[in-house]
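Attaching a single structure in structure tokens format; questions to follow.
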Number of protein chains: 2
Amino acid sequence: MELSPTAYVILGMVSREPRSGYEIKALVDDSTRFFWAASYGQIYPELKRLSEAGLVEGVDEPRGERKRTVYAITPDGEQALKDWLRQPPTTYEMREEGLLKLFFAGVLPPEEAATILASMREHRREMVERLQAIEPKAKDNDDDPFPLMVLRGGIEFNQWFAEWCERMESQLLAQTSQEGSN
Amino acid sequence: MELSPTAYVILGMVSREPRSGYEIKALVDDSTRFFWAASYGQIYPELKRLSEAGLVEGVDEPRGERKRTVYAITPDGEQALKDWLRQPPTTYEMREEGLLKLFFAGVLPPEEAATILASMREHRREMVERLQAIEPKAKDNDDDPFPLMVLRGGIEFNQWFAEWCERMESQLLAQTSQEGSN
DNA sequence: ACAGGCATGTAAATAGTTACATGATTCG
DNA sequence: CGAATCATGTAACTATTTACATGCCTGT
């Protein structure tokens, strides 16, 4: 049985406790989003499919008059999740518009290349702050250290990236000012 | 005029000299692929669209009996490319199945989490080697330093990532051996 | 002769985003 | 009361991959 990558995000998110589609989305948005996003357009249809396949089970748990279905993982679902976790990862993708622009920066006058690096650096700094804001929440999950490990990895990555941009900026600056002095 | 992100990859790739669709694909494959990929299924239709929009111009340049069309950028195309380069980047995406698996690694017995990190580390090491193999080619492009800058950034990133995996592996190992001694 | 690279393209499928519609509840 | 949040869902669109089809040319 072939499952989409998003299916595993969902299985993972309901593996500890049952959750509604809305809760899954909210969870994804302040955790895996940074390396694996999911939208409502994927989550709700996928929950239906997983439910039909018997990997999750939906139970109506309305809050007052507002209807609500929470999904719990089934034994089959847990097996599917574990099987997947044991396969070596195959998807390693990055889509960095900034790097793409930097790659082609030779068609611009030299000063403007530094501008590209500056926006990249600023974006990475903002990411560091955003992720650091999430850290306290991740800390009080004492029985599962992995979300925090991944979050801290994300922080370090963004810091590394911001510093790389900075280094490249000064490198460019040094070059252009040198040429200017000739 | 709204262009797809792939359109700009193509514009950038033909901005220095005219190239065929096949050459563009080959170029992408050993340069921008690592942060911005493109397949034939995108390149050929996009070349047609760009040609209709007057941003590139196709000229037949057969090699013997084998027909071949090379596309050159037009003044309008160059303007479009520069306009785009001057906009701050908006797409920053990552899809890292390894991090996703690590995030959910709590459902596995502790030793197996280290396995995930090990495959991630190995993948990053391979990437470093692959990128280092490209470096000599990138070096002899003397008039445009940016492709080399981006390539080296990619190498550093993969090295950083591999080292992070290593650190996390030993951290896990220390934890599990400690628990074992209790 | 045959493998491998050059060269162009399309069809089908999968993935994913965006925007919208609907309606309840909670808090200030 | 009004805004924000909870909650579910779909339609339309955009993007992208994979696999295939076709055929020429070059080197062994």
Side-chain angles (χ1 to χ4, degrees), chain A residues 1-10 13-14 18-30 32-52 56 58-71 90-97 100, chain B residues 1-10 13-14 18-30 32-52 56 58-71 90-97 100:
Chain A
M1 180 175 15
E2 273 301 294
L3 294 182
S4 72
T6 310
Y8 292 107
V9 182
I10 293 176
M13 287 301 181
V14 301
R19 299 186 199 275
S20 68
Y22 186 83
E23 285 170 317
I24 293 170
K25 167 74 164 124
L27 262 174
V28 165
D29 275 354
D30 79 352
T32 67
R33 167 173 56 127
F34 306 105
F35 50 90
W36 210 287
S39 59
Y40 288 127
Q42 292 169 274
I43 291 171
Y44 285 109
E46 194 62 57
L47 277 171
K48 198 176 271 179
R49 275 193 293 275
L50 287 171
S51 184
E52 280 159 14
V56 299
V59 178
D60 282 358
E61 262 186 36
R63 300 256 225 242
E65 276 313 285
R66 184 161 55 195
K67 67 176 177 181
R68 178 165 169 274
T69 311
V70 294
Y71 294 85
T90 54
T91 302
Y92 305 90
E93 275 167 38
M94 222 186 180
R95 292 184 93 69
E96 264 286 321
E97 207 185 341
L100 188 61
Chain B
M1 182 172 18
E2 271 301 293
L3 294 181
S4 73
T6 310
Y8 293 106
V9 182
I10 293 176
M13 287 300 181
V14 302
R19 301 187 198 274
S20 68
Y22 187 81
E23 286 170 317
I24 292 169
K25 166 76 165 128
L27 262 174
V28 165
D29 275 353
D30 79 352
T32 67
R33 167 172 57 124
F34 305 105
F35 49 91
W36 209 286
S39 60
Y40 287 128
Q42 292 170 273
I43 291 171
Y44 285 109
E46 194 62 58
L47 276 170
K48 198 177 270 179
R49 274 194 292 276
L50 286 172
S51 183
E52 279 159 15
V56 300
V59 178
D60 283 357
E61 262 187 34
R63 300 256 225 241
E65 275 313 285
R66 186 164 51 199
K67 69 176 177 180
R68 179 166 168 271
T69 311
V70 294
Y71 294 84
T90 55
T91 302
Y92 305 89
E93 275 168 39
M94 224 186 175
R95 290 185 94 70
E96 265 285 320
E97 207 185 341
L100 188 60

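Atom set for the values below is all heavy atoms of this structure, side chains included, hydrogens, waters and symmetry mates excluded. Proteins come first, then strands; the chains are lettered A, B, ... in the order of their sequence lines, and each starts at number 1.
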- Task: State whether the side chain of B:Tyr44 and the backbone N or O of B:Tyr22 hold a donor-acceptor pair below 3.5 Å, judged by distance alone.
- Result: yes
- When you get a sec, tell me which of C:dC6, D:dT17, D:dT16 is the closest nucleotide to the side chain of B:Tyr22? C:dC6
- Query: Taking the side chain of A:Pro45 as its heavy atoms from C-beta onward, which of C:dA7, C:dT10, D:dT10 lies nearest to it?
  - Reply: D:dT10
- Query: Would B:Glu52 and B:Arg49 pass as an ion pair if we require N to O under 4.0 Å?
  - Reply: no
- Message: Taking the minimum atom-to-atom distance to the side chain of A:Pro5, which one of C:dA15, D:dT16, C:dA7 wins?
- Response: C:dA15
- Message: Without decimals, in angstroms, what is the distance between A:Glu93 CD and C:dT14 P?
- Response: 17 Å
- Query: Roughly, in whole Å, what's the span from CD in A:Glu65 to C1' in D:dT5?
  - Reply: 18 Å
- Length of the line joining A:Tyr40:OH and D:dA12:C1', which is rounded to integer Å: 19 Å
- Query: Counting side-chain heavy atoms from CB outward, which of D:dT16, D:dT8, D:dT10 is closest to A:Ser20?
  - Reply: D:dT8
- Message: Between A:Gln42 and A:Thr6, do the side chains contain a donor N or O and an acceptor N or O under 3.5 Å apart?
- Response: yes
- Message: Measuring from the side chain of A:Arg66 (C-beta onward, heavy atoms only), which nucleotide among C:dA7, D:dA7, C:dT17 has the closest atom?
- Response: D:dA7
- Item | DNA chain D: 5'-proximal contact among A:Lys67 and A:Gln42 (nearest heavy atom) | A:Lys67
